[in-house]
Amino acid sequence: MILTRDLRKSFGQVQALAGLSFAMAEGELAALLGANGAGKSTLLHLLSGLSRPSFGSAEVAGFDVRRQPQEVRRRIGVVSHQTFLYEDLSAEENLHFYGRMYGVAGLQKRSDELLAMMELWPRRTDLVRTFSRGMQQRLALARAMLHQPTVLLLDEPFTGLDLHAIDLLTRFIEEASAGRVTVLMTLHDPDYALAHSRRLFVLHQGRLVIDQPSEQVRKGDILPFFREK
C-alpha cells in the first residue's frame, strides 16, 4: 500500500530525505520515530501529495504521488497535530462538508457512526471552537476516516491530548488497522511506539536507520537517534 524507492527531498542546500526505500503492506501499523528535523513530516507530506519529491518515487495504494496526486488523496486519510477544522461549524457540519467534497455515499449514517465512535455524539451540533483540544483531534480523525481510506497518515496525532483521548484514538487506530487500513504515524514517544505499533521505522538525518518489527527493537536502540541535527 506504500512503496518508496530512493525517495529524496531537498530544500535548497538542505537534504531532508536522503534516499528512502521501504514498502508497507495492507493493514500494517507502523510508527515513524526520529528527532526534530529527521524528515518525518517531510515524508508524510510527500506520501500525501502535499509536496513533490526531488528524486526517486513513491506510490500509495498503487498510485504515483508525483503523477497521480488526486488519486492518492482519494485513498488516504490524513491527521496532523493541526486539525484544520472549521471552528465556526458544528462537528456534524464539518463532517458533512468534507463528506460532500469526497462524494461519500450514505453520508448521514457514516457521519453518525463516526461521531458515536469518537464519543462526540452528544456534542455533534456544537461549534468546534467550543471543543477541547482532544475533542478536536477526535473529530479530525473521524473526518480522515469518513471516506473509508485504505491508508491513514498520522503526523504527531497525540500532541497535547489527555490520557482518555490518547486511549480512544489508539483503540480506533488499532481497529482501523485490523480492518485492513495501512497506518503510518509519526511519533516522539518511543515507549508508545514500541507498545502500539507492529513495525518501527527510525529516521536520522533523512535516512532510514531502523526498519524492524517493533517486538525486536529495544528502547536503547532508538534513543541515540533522538539527537537533533
Side-chain angles (χ1 to χ4, degrees), residues 1-11 13-48 51 53 56 58 60 77-82 133-134 137 141 151-178 180-229:
M1 295 303 290
I2 298 176
L3 176 65
T4 72
R5 300 185 183 92
D6 198 20
L7 189 64
R8 300 170 185 263
K9 179 65 178 181
S10 297
F11 299 96
Q13 298 300 311
V14 178
Q15 191 171 46
L17 294 178
L20 266 62
S21 297
F22 68 92
M24 288 184 65
E26 183 181 66
E28 274 202 272
L29 173 54
L32 177 63
L33 294 168
N36 292 333
K40 303 186 302 298
S41 294
T42 299
L43 174 59
L44 262 61
H45 288 165
L46 293 178
L47 294 177
S48 60
S51 181
V60 177
V78 180
V79 177
S80 74
H81 54 278
Q82 293 180 311
R133 161 73 182 159
Q137 197 70 332
L141 184 54
V151 175
L152 195 55
L153 303 174
L154 309 176
D155 193 6
E156 297 293 344
F158 305 115
T159 300
L161 301 191
D162 60 28
L163 292 176
H164 176 68
I166 291 173
D167 181 64
L168 185 62
L169 263 64
T170 296
R171 286 188 280 112
F172 191 85
I173 290 166
E174 290 175 345
E175 288 171 6
S177 176
R180 309 186 78 175
V181 176
T182 301
V183 181
L184 178 61
M185 54 183 174
T186 73
L187 299 168
H188 272 107
D189 185 348
D191 293 317
Y192 182 94
L194 290 170
H196 296 287
S197 69
R198 293 189 288 276
R199 184 173 175 187
L200 199 67
F201 297 114
V202 178
L203 282 180
H204 180 64
Q205 297 183 357
R207 299 182 184 278
L208 192 59
V209 293
I210 293 178
D211 174 5
Q212 294 181 12
S214 299
E215 62 185 15
Q216 296 179 11
V217 182
R218 299 171 302 170
K219 185 176 179 180
D221 299 331
I222 303 168
L223 294 180
F225 301 109
F226 268 74
R227 302 187 185 94
E228 298 183 14
K229 294 181 182 181

Supply the atom-to-atom distance F226 CZ to N36 CG, rounded to the nearest 0.5 angstrom. 9.0 Å
Donor-acceptor under 3.5 Å (S214 side chain, L194 main chain): no
Where the side chain of R207 meets the backbone of A18, is there a donor-acceptor pair that is under 3.5 Å apart? yes
Taking the basic N atoms (NZ, or NE/NH1/NH2) and the acidic carboxylate oxygens, is any pair closer than 4.0 Å for K219 and D191? yes
Give a yes or no answer on whether the side chain of K40 reaches the backbone of M185 with a donor-acceptor pair at less than 3.5 Å. no
To the nearest 0.5 angstrom, please state how far the CG atom of L154 sits from the NE2 atom of H81. 13.0 Å
Value rounded to 0.5 Å, distance of OG1 in T42 from CZ in R8: 14.5 Å
With rounding to the nearest 0.5 Å, note down the distance linking CG in L184 to CZ in F22. 6.0 Å
Distance-only, no hydrogens or angles: does the T186 side chain make a donor-acceptor pair with backbone N or O of E156 under 3.5 Å? yes
My understanding is that only one of L153, L46, V151, T4 makes a side chain to side chain contact (heavy atoms under 4.5 Å, CB included) with V60; could you say which? V151
Rounding to 0.5 Å, atoms CD1 (I210) and CG (L33) come to a distance of 8.5 Å
Between CZ of R5 and CG of L7, what distance do you get to the nearest 0.5 Å? 11.0 Å
For R133, is the CZ atom crowded, meaning more than 12 foreign heavy atoms sit under 6.0 Å from it? yes
Return yes if some donor-acceptor pair links the side-chain N/O of Q137 with the main-chain N/O of S80 below 3.5 Å, else return no. yes
Looking at P213, is its backbone amide N or carbonyl O close enough to the side chain of Q216 to form a donor-acceptor pair, meaning the two atoms are under 3.5 Å apart? no
Run the numbers on H45 and K9 for side chain to side chain contact (heavy atoms under 4.5 Å, CB included), then give the verdict. CA-CA 11 Å; H45 288 165; K9 179 65 178 181; over 6 Å; no
